[in-house]
Amino acid sequence: MRAPWWMDGVHFSCQANCGKCCDQPGGIVYLSPDDAQRLADHAQLPVEDWLERDTRQTYDGRFVLKSREEDGICIHLNDQKQCNIYEVRPQQCKAFPWWGENLATASEWKKVKSSCPGIDAEDAILVDGQTIRLNIFSDRTSTKGFRTWPPSKSRWKR
Ligand code: SF4
């Protein structure tokens, strides 16, 4: 089997005060159970209360972060285009731009590159294929999500 096109690494560095990947009306951030626990701890709330305050459920019941009503952008993106919860942000946010859908083909990647200045930026570092693979897995886990709290044990191992 041929190795994926990105296996030799891709140049990328997240750019300060950019926020373009978050500044997406209608963008969806799926949450893993670990995300829910970590973000609830950060907010100093029981998970159930945090879920009630900061998330909604998709049509099939998965928990996702809430968006602002006025523009459909993530509730955690501030006016300076920074994430208010950057240190504890969801793993799907952390995994960007290494999402399976973005990396599926070189031409999909080109599209992502046109809106993400961190790809091949002047200060970009070479991110190795194994790191990219781990991020793809992390994004996939988040996208599976969870529908109840506590989540079913067979699907959540901490
Ligand atoms: S949680 Fe933070 S990193 Fe994730 S979409 Fe919202 S503002 Fe962006």
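Atoms within each ligand, like the ligands themselves, are counted from 1 in listed order. Any value given below was found using the heavy atoms of this structure, including those in side chains, with hydrogens, waters and symmetry copies removed. What you see is a predicted model, and the numbers here were worked out from it, not measured in a lab.
For ligand 1, the atoms sitting less than 4.0 Å from at least one non-hydrogen atom of L65 are 1 (S), numbered in the order shown with element in parentheses. Near L77, with a cut-off below 4.0 Å to any heavy atom, the atoms of ligand 1 are 7 (S). Of all atoms in ligand 1, numbered sequentially from 1 with element shown, those under 4.0 Å from a heavy atom of C93 are 1 (S), 3 (S), 4 (Fe), 5 (S). Of all atoms in ligand 1, listed by their number and element, those nearer than 4.0 Å to a heavy atom of P90 are 1 (S). Counting atoms of ligand 1 from 1 in the listed order, those under 4.0 Å from a heavy atom of C74 are 1 (S), 5 (S), 6 (Fe), 7 (S).
At a heavy-atom cutoff of 4.0 Å, ligand 1 is contacted by no atom of I75, backbone or side chain. Within the 4.0 Å heavy-atom criterion, neither part of C21 lies near ligand 1. At a heavy-atom distance under 4.0 Å, only side-chain atoms of V29, from C-beta outward, approach ligand 1.
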*Worked verdict on W50 versus W149 for ring-ring contact (aromatic ring centres under 6.0 Å, His included)*: CA-CA 11 Å; W50 178 79; W149 193 267; 9.0 Å; no
*Apply side chain to side chain contact (heavy atoms under 4.5 Å, CB included) to the pair C22 and I73, showing each step before the final yes or no.*
CA-CA 7 Å; C22 312; I73 288 171; 5.9 Å; no
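In this structure, E108 and N102 have side chains that are not in contact, with every pair of non-hydrogen atoms separated by 4.5 Å or more. In this structure the side chain of L103 never reaches within 4.5 angstrom of the side chain of P4, judged on heavy atoms.
Judged purely by distance below 3.5 Å, without hydrogens or angles, the side chains of Q15 and D123 pair a donor atom with an acceptor atom.
With hydrogens left out, the protein atom closest to atom 2 (Fe) of ligand 1 is C83 SG, 2.3 Å, a heavy atom.
Residues W5 and W109 bring their aromatic ring centres within 6.0 Å.
In the hydrophobic cluster analysis, where Ile, Leu, Val, Met, Phe, Trp and Tyr join through side-chain heavy atoms closer than 4.5 angstrom, I75 is grouped apart from L77.
Because the distance cut-off is set at 2.8 Å, C22 qualifies as a neighbour of atom 8 (Fe) of ligand 1 through one of its N, O or S atoms.
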